[in-house]
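Structure first, commentary second.
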Number of protein chains: 2
Amino acid sequence: MNTNQDAQLEALGDATRRAILARLINGPLPVGELAREFPVSRPAISQHLRVLKQARLVVDRPAGNRRLYQVNPEGIDSLRQYFEQFWTQALGAFKAAAEASDHEETR
Amino acid sequence: MNTNQDAQLEALGDATRRAILARLINGPLPVGELAREFPVSRPAISQHLRVLKQARLVVDRPAGNRRLYQVNPEGIDSLRQYFEQFWTQALGAFKAAAEASDHEETR
DNA sequence: ACTTACCGTCAGTGAATACTAACCAAGACG
DNA sequence: CGTCTTGGTTAGTATTCACTGACGGTAAGT
C-alpha cells in the first residue's frame, strides 16, 4: 500500500512543511510557538500541520490549553524504508545497464 | 548544501513525476515511450523530465534520433542518506521524550 | 460569569504550476 | 535534398495550492 507514502511525499513537497518538520525534530512544540518562528500566520501553520498529520509524519496531543505536535518516528521510518527499496532497485538496474554497456564496448 | 535535496523533494511532490521515476527504474526509456504510457501529452513529459533532471534524479543521453532517460543512482542515494540522518535524529528525540515521560510517571 | 489565550476551520484571494497547442531544431532514411 | 520521426521550448490557459481574515469552540485565570 503506497497511498500513505504518496501522501508523505506530497507533504514534503512544500518547503514550509519541511521547515516545520525540521523544527519539530528537536522536540514537541505548540502551534503558536511555530507560528511565531515562521513568517506565516497561525492558520497557515495549522493547515500545514493537518497535512503532515494526515501523512502520519507528525502526531499531536492536547496539553492543557495548548496542543503539542511532534514528529512521528514510524512515519519517518516507513519513508526511509521506501527509499531503501527504491535505491536498491535503481542500483540493480544501473548495474545491469552498465554491464550491458560493457558488452556493447567489448564486442 | 541541502539545496539539491530541496529540489529533489520538490520534484517528488508531483504524482506524475513519481510515476515517471517508478517507470524508469526498470531501465532507460525515450520520451515518446513514456508519453504513450501516461495520460498526458509529450511536452508535459518533457517538462517533468526537465524538473527531474535539474534535481539530479534522472540523467539523459542521446541515442540516435531519440533521447534515453534513466534514473540517477547518485541522486537516489543522496536522498536516502538525507532520510537516514533525519530518521536517526527523530528516533533520538523520540527516545529522549519517552524517557522524560517515564520520569514524569515514576516520580 | 467574564475575559484572555490557544487552536481548528471556512471562505475568498493571489500566486505557483501542470497542462495543451503550436512552432522550431536535429538525426535517420528514401 | 526532402520527408519523417523524435524531442525541446514557448505562449496561453486552467487548475491547484498556500495564505490571510473572520468566526466558533475549548481551557485556564480573574
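Note that these values count all heavy atoms, side chains included, but never hydrogens, waters or copies made by symmetry. Residue numbers begin at 1 in each chain, while the letters A, B, ... track the order of the sequences.
Counting to the nearest Å, the C1' atom of D:dT6 and the CG atom of B:L29 are 15 Å from each other. Nucleotide D:dA18 holds its C1' atom 12 Å from the CD1 atom of A:I20, rounded to whole Å. D:dA27 atom C1' lies 17 Å from atom CZ of A:R61, rounded to whole Å.
A chain of hydrophobic side-chain contacts below 4.5 Å, direct or via other Ile, Leu, Val, Met, Phe, Trp or Tyr residues, connects B:L79 to A:Y82.
Using a 4.0 Å heavy-atom distance criterion, B:F38 is classed as making no nucleic acid contact. Among the atoms of the strands shown, only primed sugar atoms or phosphate atoms (P, OP1, OP2) are found under 4.0 Å from some heavy atom of A:P30.
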Intermediate values then yes/no, salt bridge (Lys or Arg N to Asp or Glu O under 4.0 Å), B:E84 and A:R80: CA-CA 7 Å; B:E84 197 78 26; A:R80 188 187 62 90; 3.6 Å; yes

Stepwise side chain to side chain contact (heavy atoms under 4.5 Å, CB included) test for B:L57 and B:L12: CA-CA 9 Å; B:L57 287 173; B:L12 291 180; 4.1 Å; yes

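In the set D:dT6, D:dG7, C:dG8, D:dT6 carries the atom at the smallest distance from any side-chain atom of B:N65.
Phosphate contact (OP1/OP2 of C:dT9, side-chain N/O of A:R50, threshold under 4.0 Å): present. For the pair B:Y69 and D:dG8, the criterion of a side-chain N or O lying under 4.0 Å from OP1 or OP2 is met. For D:dG7, the OP1/OP2 oxygens have no side-chain nitrogen or oxygen of B:S46 closer than 4.0 Å.
The pair B:E33-B:R23 does not count as a salt bridge, with every side-chain nitrogen at least 4.0 angstrom from each carboxylate oxygen.
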Please tabulate, one pair per line, each protein N/O and nucleotide N/O from nucleotides 16-20 of chain C that are separated by under 3.5 Å, including the distance.
from: C:dA18; atom 1: OP2; to: B:R17; atom 2: NH1; distance (Å): 3.4
from: C:dC19; atom 1: OP2; to: B:H48; atom 2: NE2; distance (Å): 2.3
from: C:dT20; atom 1: OP2; to: B:S41; atom 2: N; distance (Å): 2.6
from: C:dT20; atom 1: OP2; to: B:S41; atom 2: OG; distance (Å): 2.6

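Put simply, the side chain of B:V59 does not reach to within 4.5 Å of the side chain of B:Y69, judged on heavy atoms.
Taking a 6.0 Å sphere around CZ of B:R67, one finds it holds more than 12 heavy atoms contributed by other residues, nucleotides or ligands.
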